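A quick note: this is a predicted structure, and the numbers were derived from the prediction, not measured.
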Amino acid sequence: MEDNYISISYTQLALAALFILINIGLSFALNLGLTKSLLIASLRMVVQLLLVGYLLQWVFTLSNPILIIALALAMTIMASISSVNRTRRRFVSIYWNNFISLFCGSFLVTGFTVSAIIQVHPWYDPQYIIPLLGMILGNALTGTSLTLERFMEDLINRREQVEALLTLGATRWEAAHQPIKEALRIGMIPTINSMMVMGLVSLPGMMTGQILAGASPTDAIRYQIVIIFAQASGTAIATIGVVLLAFLSLFNQKHQLTDALYKQS
């Protein structure tokens, strides 16, 4: 099926930009105030993806595992910063906590996927490890930001209830158990919802891309199933890690809720 692959020229790419004009036209006609945001988002997306495309073209020629790992670490750092930037509240170690959680979730799952499931040789082949890591990081980033946001807001809104439980002799874990549980549920819901409708309502981007590139639909589906399971696992590990680290940062060993939370201005 590889002979069926159709390359897209920059002229065709420019033609596709007409689609965004529909959004801009609707925003302008209905006075939604989104025209500037749509233009900026579109330009940023195009520039970022083109740069990433050229970067990946260079990366795919590398055979140095140290450089590949360095790139993977850079992706994880950017994901952790982006995750925190989506939340309204902060505490001192929030960026470090996010990095550790995303690192553990994405690197463990990606490593197992490329070495044990897909069995890539060598394991650091950038054609596999970088796209897989990117997809797992993307899902985990959303999960950690939602989890953190819900956990921190719950602690603010339920502060009196949490402190009352602590005063009555509850441990910090007993007092924070309900907010932790709710935060984890919120963080995992997007992944679960996407899995529910996959194949019936939506066709995943990676699978569609493989099919358009000429891969067999059955091969593309098998790859997609592996990716979805990996994304779900990576998100679970990262969200659990980030909420537990936040819990340890916001509750001290004397079973007290600290005043470490502050709102980002």
Side-chain angles (χ1 to χ4, degrees), residues 1-20 22-23 41-42 45-46 48-63 68 71-72 75 79 102 105-143 187-239:
M1 293 185 64
E2 292 183 358
D3 294 337
N4 294 334
Y5 173 71
I6 300 174
S7 178
I8 294 178
S9 67
Y10 285 105
T11 303
Q12 292 167 306
L13 198 61
L15 190 62
L18 293 174
F19 288 127
I20 204 66
I22 297 173
N23 300 57
S42 300
M45 179 270 295
V46 170
Q48 288 169 181
L49 285 179
L50 288 175
L51 288 175
V52 167
Y54 287 116
L55 176 63
L56 288 179
Q57 199 166 22
W58 170 72
V59 167
F60 285 179
T61 65
L62 300 178
S63 58
I68 300 300
L71 178 60
M75 292 168 61
L102 288 170
S106 60
F107 272 62
L108 285 173
V109 173
T110 302
F112 183 78
T113 302
V114 298
S115 60
I117 299 175
I118 303 177
Q119 298 180 6
V120 178
H121 298 288
W123 61 267
Y124 54 84
D125 186 341
Q127 182 180 348
Y128 290 89
I129 198 168
I130 297 301
L132 287 171
L133 179 66
M135 286 184 281
I136 292 169
L137 270 177
N139 265 52
L141 183 160
T142 301
M188 288 299 298
I189 278 177
T191 301
I192 296 170
N193 286 346
S194 67
M195 291 172 69
M196 288 286 192
V197 299
M198 200 161 290
L200 294 175
V201 176
S202 64
L203 288 177
M206 194 211 80
M207 186 182 82
T208 304
Q210 279 192 308
I211 293 172
L212 289 175
S216 164
T218 54
D219 285 341
I221 286 168
R222 284 194 292 268
Y223 261 96
Q224 188 61 57
I225 291 171
V226 170
I227 295 303
I228 295 302
F229 285 154
Q231 287 177 332
S233 178
T235 301
I237 294 170
T239 53

Could you note down all residue pairs passing salt bridge (charged side-chain N to carboxylate O under 4.0 Å, His left out) where residues 10-19 supplies at least one of them, sequence neighbours left out? none
Can you pull the salt bridge (charged side-chain N to carboxylate O under 4.0 Å, His left out) pairs that have at least one residue in residues 218-229, sequence neighbours excluded? D219-R222
Search all heavy atoms of [X] against all heavy atoms of [Y] and return the closest pair with its distance.
| X | Y | result |
| --- | --- | --- |
| V114 | W123 | CG2-O, 3.9 Å |
| Y124 | I129 | O-CG2, 3.9 Å |
| I8 | L13 | CG2-N, 4.1 Å |
| A79 | L141 | O-CD1, 3.5 Å |
| M75 | I130 | CE-O, 3.9 Å |
| I237 | G105 | CG2-CA, 3.6 Å |

Answer yes or no: is there a side-chain heavy-atom contact under 4.5 Å between [X] and [Y]?
| X | Y | value |
| --- | --- | --- |
| T218 | I221 | no |
| Y10 | L50 | yes |
| Q127 | V120 | no |

Rounded to the nearest 0.5 Å, what separates atom [atom1] in [X] from atom [atom2] in [Y]?
| X | Y | atom1 | atom2 | answer |
| --- | --- | --- | --- | --- |
| L133 | T110 | CG | OG1 | 4.5 Å |
| I136 | I227 | CD1 | CD1 | 6.0 Å |
| M45 | I20 | CE | CD1 | 7.0 Å |
| L55 | L71 | CG | CG | 6.0 Å |
| M188 | M195 | CE | CE | 8.0 Å |
| I189 | N193 | CD1 | CG | 6.5 Å |

For F107, ring pair (Phe, Tyr, Trp, His ring centres under 6.0 Å) partners two or more places apart: F103
Would a distance-only check, ignoring hydrogens and angles, find a side-chain to backbone donor-acceptor pair under 3.5 Å from T235 to Q231? yes
Please confirm whether the backbone N or O of A230 pairs with a side-chain atom of S233, one donor and one acceptor, at under 3.5 Å? no
Counting only heavy atoms not in Q57, do more than 12 sit closer than 6.0 Å to its CD atom? no
